[in-house]
Q: 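Please find one structure pasted underneath; my questions will follow.
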Amino acid sequence: MKIVILDAFTLNRGDLSWQGLSALGELMCYDRTASHDVISRAKDADVILTNKVALSAEILCELPQLRYIGVLATGVNIIDLDVAASKGIVVTNAPNYASDSVAQAVFAHILHFTQQVAEHSQAVKAGEWLQRSDFSFSLSPLHSLKNKVLGLVGFGHIAQKVAKIGLAFDMQVRVYSRTKMTDLPHGIIWQSLDEVLAHADYLSLHCPLTSDTHRLIDDIALAKMKPTAVLINTARGELIDEMALFAALSHGQLAFAGLDVLSTEPPANNHPFLKLKNISLSPHNAWATIEARQKLMDIVVKNLTSYLAGKELHNRVA
C-alpha cells in the first residue's frame, strides 16, 4: 500500500517521527505540493494525507487507485466530499488536537497587550532603563485582567479552554453562541452578540466561518465595542472586515487587536495592518506547538490504522 503526504512540513518540521505511518505502508513525504503536481505525485497512491493541498473533483477523477484521504486538520473544505463518496473514497479528519495550544495563544496576544513584555525588553536592551531616574518604568499603562470582561463568540472546545483560563485570571466571561446556552459552567454567562460586543474588554472569536459569520466583525459591530477593547482572532481571518478593523484601530475606536489569522495568508507587503503599532500578528501558528502536532500525528495514525483493520472510524466525514 502506498501512502502519499502532499504537504508534510505542515505537520512535521523534522521534530516528529513518521514511524507510525511508515509502519502501515510505503510512505512518500513531500514537504509541499503545488496543485499542478498533485496528480503526478499521487497517481499510484492508495492513501493521501493532506492539510491544505486541495483535492478537487477533477483531481479525484484522475486517481483511480485512491481509497482513503486523511485530512491533517479539522476542516475538510479542501476535499470534494460528494465526488469522494461517489467513488467510494473514505475521508477522515482530525478534530480537537490543538485546543490547548490555541487557547494559550489567545492569552499570549492578550498578555502582549496588558504587559508589553517585548516592548519593555527592547527598551531595556536599548539602555532606556539606565536613563530613568526611578527603579521602575512603563512605556504606557499596564493592565490587570481581574474583573475585566472576556467576551467569546462561539463556545466550542477552544473557547471553553479560553474561558477556563479567563476564570483563572478572575475575569468575567460572557459567551455568545448561535443557540442560547443555559447550562453553562459557574462564572460564565450567555449574552446576545450585541451585549457581548458592548460589554467585552477582550473579545475573542471562536466561531466557524460560514455565510452568516463572514465579516461578522464589521464597522457596525466594531462601533458597538468599547474604544478601550481588545479584539483577538485565532479562528478564521474572514470573520473580520479587515479594512473596517484598520479604520477602527487607526482612529482610536478600538485599543488593540491580536490576530493569528488573516483573510489572505501571508499578507502582502503593503497590507495596512503592517503599519499599525496597536496590533500583534502571528503567522497562523497558534495551533502549531510540538505537543499539538504530535497529538495530530497520533490521531492521523489511529484513523488510518482503524481503516486498514476494518474498524469503526470515529473521525470519518465521508
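What you are looking at is a predicted structure, and each value in this text was computed from that prediction instead of being measured. Only this structure's heavy atoms are used, side chains among them; waters, hydrogens and symmetry mates stay out.
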Q: Verify, without hydrogens or angle tests, whether D80 (side chain) and V83 (backbone) share a donor-acceptor contact under 3.5 angstrom.
A: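 Judged by distance alone, yes, a pair lies under 3.5 Å.
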
Q: Go through L11 and I5 one step at a time and tell me if the side-chain contact (heavy atoms from CB on, under 4.5 Å) criterion holds.
A: CA-CA 10 Å; L11 171 57; I5 308 180; 6.0 Å; no

Q: Would you say Q294 and D298 are linked by a side-chain donor-acceptor pair, where the criterion is simply a distance under 3.5 Å?
A: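 Present: a donor and an acceptor within the cut-off.
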
Q: Out of curiosity, L111 CG to L142 CG, how far, rounded to the nearest 0.5 Å?
A: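 The CG atom of L111 sits 11.5 Å away from the CG atom of L142.
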
Q: Do W190 and S177 have a side chain donor and acceptor closer than 3.5 Å?
A: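 S177 and W190 do have a side-chain donor-acceptor pair below 3.5 Å.
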
Q: Side-chain contact test, heavy atoms from C-beta onward, threshold under 4.5 Å: evaluate it for M1 versus V47 and give yes or no.
A: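 A side-chain contact exists here, since the closest heavy-atom pair is under 4.5 Å.
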
Q: Give, for atom CG of L259 and atom CG of L239, the distance between the pair rounded to the nearest 0.5 Å.
A: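 If we round to the nearest 0.5 Å, L259:CG and L239:CG are 11.0 Å apart.
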
Q: Quick check: do I158 and W287 have side-chain heavy atoms less than 4.5 Å from each other?
A: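 No, side chains not in contact.
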
Q: Is there a donor-acceptor contact under 3.5 Å from the side chain of S192 to the main chain of E195?
A: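 Yes, because the side chain of S192 sits within donor-acceptor range (under 3.5 Å) of the backbone of E195.
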
Q: Check this for me, if you would: do E291 and K295 make a salt bridge, where the nitrogen-to-carboxylate-oxygen distance has to be below 4.0 angstrom?
A: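 Result for this pair is no, no salt bridge flagged.
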
Q: Look at atom CZ of R13 and say whether more than 12 heavy atoms of other residues, nucleotides or ligands are closer to it than 6.0 Å.
A: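 Counting other residues, nucleotides and ligands, CZ of R13 exceeds 12 neighbours.
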
Q: How long is the gap from CD on E242 to CD1 on I217, to the nearest 0.5 Å?
A: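 Result: 13.0 Å between the selected atoms.
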
Q: Are F256 and F246 in one and the same hydrophobic cluster, where Ile, Leu, Val, Met, Phe, Trp and Tyr link if side-chain heavy atoms are under 4.5 Å apart?
A: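 Both belong to a single hydrophobic cluster.
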
Q: Taking N278 for its side chain and A257 for its backbone only, find out whether a donor-acceptor pair lies under 3.5 Å.
A: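 No, N278 side chain to A257 backbone: no donor-acceptor pair under 3.5 Å.
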
Q: With D31, which residues qualify under salt bridge (Lys or Arg N to Asp or Glu O under 4.0 Å), at least two apart?
A: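 Partners of D31 under the salt bridge (Lys or Arg N to Asp or Glu O under 4.0 Å) test: none.
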
Q: Using the rule that two of Ile, Leu, Val, Met, Phe, Trp, Tyr join whenever any of their side-chain heavy atoms come within less than 4.5 Å, decide whether V173 and Y176 are in one cluster.
A: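 Yes; tracing contacts between hydrophobic side chains, which count when under 4.5 Å, links both residues.
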
Q: Got more than 12 heavy atoms from elsewhere within 6.0 Å of NE2, H112?
A: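 More than 12 heavy atoms, drawn from other residues, nucleotides or ligands, come within 6.0 Å of this atom.
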
Q: Examine distances only and state if a side-chain atom of K2 and a backbone atom of G25 form a donor-acceptor pair shorter than 3.5 Å.
A: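 The answer is no, because no donor-acceptor pair under 3.5 Å joins these two groups.
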
Q: V196 vs L203, test: side-chain contact (heavy atoms from CB on, under 4.5 Å). Steps then yes/no.
A: CA-CA 8 Å; V196 171; L203 182 73; 3.6 Å; yes

Q: Testing the basics here: between S17 and M297, what is the closest heavy-atom pair and its distance to 0.1 Å?
A: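 Closest approach of S17 to M297, heavy atoms only: O-CE, 3.4 Å.
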
Q: State, with a plain yes or no, whether a side-chain heavy atom of I79 is found less than 4.5 Å away from one of I89.
A: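 When only atoms from C-beta onward are counted, I89 and I79 do not touch, as no gap falls below 4.5 Å.
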
Q: Compare all side-chain heavy atoms of L49 with those of L21 and state whether any distance is below 4.5 angstrom.
A: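 Yes - at least one pair of side-chain heavy atoms lies under 4.5 Å apart.
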
Q: Going by heavy atoms in the side chains, are P266 and H284 under 4.5 Å from each other?
A: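 Side chain of P266 against side chain of H284, heavy atoms only: no contact under 4.5 Å found.
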
Q: Determine yes or no for a side-chain-to-main-chain donor-acceptor pair under 3.5 angstrom, with E119 supplying the side chain and L139 the backbone.
A: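 Side chain of E119 to backbone of L139, a donor-acceptor pair under 3.5 Å: no, none is there.
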
Q: I'd like a table of donor-acceptor pairs (distance under 3.5 Å, sequence neighbours excluded) in which one partner is a side-chain atom from residues 228-236, with atom names and distances.
A:
from	atom 1	to	atom 2	distance (Å)
N233	OD1	A235	N	3.0
N233	ND2	R236	O	2.9

Q: Kindly say whether F135 contributes a backbone atom to a donor-acceptor pair with the side chain of W129 at under 3.5 angstrom?
A: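 Here the side-chain-to-backbone pair exists.
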
Q: State whether a side-chain donor-acceptor pair under 3.5 Å links Y97 with T74.
A: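 Not at all, the side chains of Y97 and T74 share no donor-acceptor pair under 3.5 Å.
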
Q: For a side-chain contact (heavy atoms from CB on, under 4.5 Å) check, start with the C-alpha distance between L281 and L274, then their side-chain angles and the critical distance, and finish with the verdict.
A: CA-CA 9 Å; L281 301 168; L274 304 181; 3.8 Å; yes

Q: State plainly whether one hydrophobic cluster holds both V162 and L197, where clusters connect Ile, Leu, Val, Met, Phe, Trp and Tyr through side-chain heavy atoms under 4.5 angstrom apart.
A: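 In one cluster: yes.
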
Q: Taking all atoms of both residues into account, what is the closest heavy-atom pair of V301 and L24, and its distance?
A: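 Heavy atoms of V301 and L24 come nearest at O-CD1, 4.3 Å.
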
Q: Between E26 (side chain only) and V4 (backbone N and O only), is there a donor and an acceptor less than 3.5 Å apart?
A: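 Checking the backbone N and O of V4 against the side chain of E26, no donor-acceptor pair under 3.5 Å is found.
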
Q: Which residue in the set T210, V153, D241 passes side chain to side chain contact (heavy atoms under 4.5 Å, CB included) when paired with L216?
A: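 Only one of T210, V153, D241 forms a side chain to side chain contact (heavy atoms under 4.5 Å, CB included) with L216, namely V153.
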
Q: Nearest 0.5 Å, what's the CG-CD distance between L209 and E238?
A: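 Rounded to the nearest 0.5 Å, the CG-CD separation comes out at 5.0 Å.
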
Q: Do the side chains of L145 and D201 get nearer than 4.5 Å, heavy atoms only?
A: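 Contact flag for D201/L145 side chains = no.
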
Q: Does L27 belong to the same Ile/Leu/Val/Met/Phe/Trp/Tyr cluster as Y30, with side-chain heavy atoms less than 4.5 Å apart forming each link?
A: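 Hydrophobic grouping puts L27 apart from Y30.
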
Q: Taking only distance into account, with no hydrogens and no angle test, what donor-acceptor pairs under 3.5 Å do side-chain atoms of residues 32-40 form with protein atoms, sequence neighbours excluded?
A:
from	atom 1	to	atom 2	distance (Å)
T33	OG1	L6	O	2.6
T33	OG1	R41	NH1	2.9
S40	OG	D37	O	3.0

Q: Kindly say whether A45 contributes a backbone atom to a donor-acceptor pair with the side chain of Q65 at under 3.5 angstrom?
A: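 Absent.
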
Q: Report the residues that fulfil ring pair (Phe, Tyr, Trp, His ring centres under 6.0 Å) with H271, sequence neighbours left out, ordered by chain and then residue number.
A: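 Residues passing ring pair (Phe, Tyr, Trp, His ring centres under 6.0 Å) with H271: F273.
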
Q: Which is it for I48 and V53 under the side-chain contact (heavy atoms from CB on, under 4.5 Å) test, yes or no, and what are the steps along the way?
A: CA-CA 10 Å; I48 291 178; V53 178; over 6 Å; no

Q: Mind listing the closest non-hydrogen atom pair of V261 and G237 along with its distance?
A: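 Looks like CG2-N, 3.5 Å.
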
Q: At what distance, to the nearest 0.5 angstrom, does CZ of R215 lie from CE of M243?
A: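 Going from CZ on R215 over to CE on M243, the span is 8.5 Å.
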
Q: Counting N and O atoms only, with roles assigned by atom type, does the side chain of S22 sit under 3.5 Å from a partner on the main chain of Q19, one being a donor and the other an acceptor?
A: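 A pair under 3.5 Å: yes.
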
Q: Any idea which heavy atoms bring A42 and L63 closest together, and the distance?
A: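 In this case the closest contact between A42 and L63 is O-CD2, 3.5 Å.
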
Q: Tell me the side chain to side chain donor-acceptor pair (under 3.5 Å) pairs involving residues 299-318, sequence neighbours left out?
A: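 Listed by first then second residue: N303-N315.
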
Q: State the CG-NZ distance between L254 and K226, to the nearest 0.5 angstrom.
A: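 L254 CG to K226 NZ: 12.0 Å, rounded to 0.5 Å.
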
Q: Would you say the side chain of T10 lies within less than 4.5 Å of the side chain of K52, judging by non-hydrogen atoms?
A: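 Answer no - side chains too far apart.
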
Q: Just jot down the ring pair (Phe, Tyr, Trp, His ring centres under 6.0 Å) partners of F155, sequence neighbours excluded, or say none.
A: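 Ring pair (Phe, Tyr, Trp, His ring centres under 6.0 Å) list for F155, sorted by chain: empty.
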
Q: Do D15 and R293 sit within salt-bridge range, that is, some charged N less than 4.0 Å from a carboxylate O?
A: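 Looking at R293 together with D15, the answer is yes, because their closest N to O distance falls below 4.0 Å.
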
Q: Locate the shortest heavy-atom distance separating S250 from L276; write the atom from each residue and the value.
A: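 Taking S250 first and L276 second, the nearest heavy atoms are OG-CD2, 3.6 Å.
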
Q: Would a 4.5 Å heavy-atom cut-off, applied to side chains only, mark H143 and Y202 as touching?
A: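 Yes, side chains in contact.
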
Q: Between H120 and Q115, what is the shortest heavy-atom contact and its length?
A: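 Closest approach of H120 to Q115: ND1-O, 3.6 Å.
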
Q: Applying a strict under-4.5 Å side-chain criterion to I, L, V, M, F, W and Y, I'd like to know whether V91 and L72 cluster together.
A: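 Result: no, two separate clusters.
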
Q: Answer yes or no: is there a donor N or O on one side and an acceptor on the other, between the side chain of N51 and the main chain of D7, under 3.5 Å?
A: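 Not a single qualifying donor-acceptor pair exists.
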
